[in-house]
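Single-structure report; data block below.
Numbering of ligands and ligand atoms starts at 1, following listing order. Computed from a predicted structure; not experimentally measured.
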Amino acid sequence: MHEFETLIERGSPDDFLFRQLDPARLPRHLAIIMDGNGRWAKRRGQARIAGHPAGVEAVRTTVENCARLGIPTLTLYAFSSENWRRPRLEVTMLMRLLQECLRREVPLLNRHGVRLRFIGRLEALSAEIRKALDYAVTMTADNHRMTLNVALNYGGRAEIVDALRAVAREFKVRGRSLDTLTEEDVARHLYTESDPDLLIRTSGEMRLSNFLLWQMAYTEIFVTDTLWPDFNRTHLLEALVAYQRRSRRFGGVETVGVPVPALA
Ligand code: IPE
Ligand code: IPE
Ligand code: MG
């Protein structure tokens with residue numbers, strides 16, 4: 001029996017959703033814009049920053065659920081290159097929360113076979129934070145069930161600029177002309193190894209906010225009004241069921257069981 005199934009109560013809404021899923025057609029790569037922590041706290045009459053610790057709980061359950069479901073790659077947007085514009089207290093609190101969380105959650109990641117990676121301009125983070133990142137990455141490096149990418153000081157445009165710089169250096173070393181540059185050359189130098197099949201954004205915002213701009217050319221987008229701290233297993237299953245009902249055409253026409261031929 002699927003590990004996930006053993007944890008679901010028979011006849012519950014999650015059971016109903018899970019039964020609609022085809023385990024063979026789950027997204028290979030799921031990306032999530034975890035948004036709405038501030039609004040969640042404000043609705044409770046608390047300061048915006050009180051929403052972030054509540055958001056951490058939702059991260060934990062989502063990581064566990066994705067690993068149990070057998071999703072090979074999960075990429076979470078934790079802090080954008082534009083989030084430095086927030087009040088200093090909020091930024092400090094987010095960094096402290098990250099540090100605490102990394103220290104505490106390594107055993108959980110190991111238990112679920114999750115390999116942790118960070119994407120973004122990490123060199124701009126403090127030495128203390130980088131040490132905490134390195135520790136968690138090293139401690140989980142041998143896990144193979146799921147790769148968890150956490151986007152930190154991440155910007156999609158900055159990522160493309162970094163890839164182009166790396167490509168230009170590589171071409172110079174190899175003596176290749178930039179006129180021969182292909183999409184694959186750029187993709188090879190991006191922070192991620194694959195493109196997300198599905199993007200979930202919580203809290204109702206219909207925008208990408210500079211997340212994985214290159215990689216999301218053909219990603220299916222699922223926006224839910226649920227605020228991130230409220231995002232649970234049921235919401236995750238709903239998104240996965242909706243994803244499996246989509247018809248992904250990649251610019252072609254609907255094909256039933258016929259693979260889309262590569263461009264000549
Ligand atoms: C997402 O929640 C967390 C981060 C961006 C770090 P927000 O803090 O953006 O919450 P809202 O959008 O203000 O409700
Ligand atoms: C996107 O959320 C960034 C993260 C979730 C880390 P924001 O709350 O920063 O996005 P905008 O400002 O509403 O576009
Ligand atoms: Mg927000």
Side-chain angles (χ1 to χ4, degrees), residues 29-63 66 73-102 104-105 116-126 128-130 132-133 136 148-162 190-192 196 198-216 219-232 235-236 239:
H29 184 166
L30 168 64
I32 307 183
I33 302 180
M34 312 181 289
D35 198 12
N37 293 354
R39 276 163 281 177
W40 183 90
K42 281 186 103 176
R43 271 185 206 171
R44 286 172 160 65
Q46 296 168 357
R48 301 180 25 86
I49 55 169
H52 299 314
V56 171
E57 295 300 316
V59 173
R60 184 185 297 118
T61 56
T62 302
V63 168
C66 288
T73 305
L74 173 65
T75 302
L76 299 176
Y77 205 2
F79 192 88
S80 76
S81 44
E82 289 75 35
N83 286 148
W84 297 107
R85 294 177 187 154
R86 295 187 177 206
R88 226 175 115 141
L89 178 70
E90 182 168 349
V91 172
T92 312
M93 193 218 175
L94 282 167
M95 293 297 158
R96 197 169 304 151
L97 204 58
L98 171 74
Q99 222 175 328
E100 269 173 32
C101 185
L102 287 175
R104 202 179 51 220
E105 304 299 352
L116 185 62
R117 291 188 61 222
F118 290 92
I119 59 170
R121 288 195 174 158
L122 307 177
E123 63 280 5
L125 302 169
S126 75
E128 205 188 345
I129 295 284
R130 274 182 290 147
L133 305 187
L148 170 62
N149 298 312
V150 176
L152 261 189
N153 190 26
Y154 174 89
R157 288 185 174 179
E159 179 184 21
I160 294 169
V161 168
D162 285 351
L190 294 171
Y191 304 153
T192 55
L198 171 65
L199 168 73
I200 299 174
R201 182 163 186 154
T202 56
S203 90
E205 253 31 284
M206 305 267 186
R207 55 177 170 259
L208 294 179
S209 301
N210 205 11
F211 193 37
L212 303 175
L213 297 181
W214 176 287
Q215 294 90 328
M216 297 223 268
T219 299
E220 294 297 325
I221 301 177
F222 181 88
V223 176
T224 168
D225 284 333
T226 305
L227 303 173
W228 178 250
D230 292 327
F231 189 84
N232 60 23
H235 301 118
L236 175 67

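For Asp35, the N/O/S atom at the shortest distance from the Mg ion (ligand 3) is named OD1.
In summary, no N, O or S atom of Glu205 is located under 2.8 Å from the Mg ion (ligand 3).
Two residues are said to be in side-chain contact when any heavy atoms from C-beta on lie closer than 4.5 Å; Arg43 and Leu227 meet this criterion. A 4.5 Å side-chain heavy-atom check between Trp228 and Arg39 finds every atom pair outside the cut-off.
Atoms of ligand 2 found under 4.0 Å from any heavy atom of Arg201, numbered from 1 in the order shown, are 2 (O), 10 (O), 11 (P), 13 (O), 14 (O). Numbered from 1 in the order shown, with element, the atoms of ligand 2 that lie under 4.0 Å from a heavy atom of Arg207 read 11 (P), 13 (O), 14 (O).
Rounding to the nearest 0.5 angstrom, the gap separating the CD1 atom in Ile32 from the OG1 atom in Thr202 is 8.0 Å.
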Check ligand 1 for N or O atoms under 3.5 Å from a protein N or O and list each pair with its distance.
residue, atom, partner, partner atom, Å
ligand 1, 2 (O), Gly36, N, 3.3
ligand 1, 2 (O), Asn37, N, 3.1
ligand 1, 8 (O), Arg48, NH2, 2.9
ligand 1, 8 (O), Arg86, NH1, 2.7
ligand 1, 9 (O), Asp35, OD1, 3.0
ligand 1, 9 (O), Arg86, NH2, 2.8
ligand 1, 10 (O), Gly36, N, 3.4
ligand 1, 10 (O), Asn37, N, 3.1
ligand 1, 10 (O), Gly38, N, 2.9
ligand 1, 12 (O), Asp35, OD1, 2.8
ligand 1, 12 (O), Arg39, NH2, 2.7
ligand 1, 13 (O), Arg48, NH1, 2.6
ligand 1, 13 (O), Arg48, NH2, 3.4
ligand 1, 14 (O), Gly38, N, 3.4
ligand 1, 14 (O), Arg39, N, 2.8
ligand 1, 14 (O), Arg39, NE, 2.7

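If you look at Arg85 next to ligand 2, there are no close heavy atoms at all, none under 4.0 Å.
A cation-pi geometry, defined here as NZ or CZ lying under 6.0 Å from the six-membered ring centre and within 45° of its normal, does not hold between Arg86 and Trp84.
Judged by distance alone, the side chain of His52 and the main-chain N or O of Ile49 form no donor-acceptor pair under 3.5 Å. Side chain of Ser80 to backbone of Tyr154: no donor-acceptor contact under 3.5 angstrom is found. Looking only at distances, a side-chain donor or acceptor of Asn210 sits under 3.5 Å from a matching main-chain atom of Gly156. In this structure, the side chain of Asp35 does not engage the main chain of Ser203 through any donor-acceptor pair within 3.5 Å.
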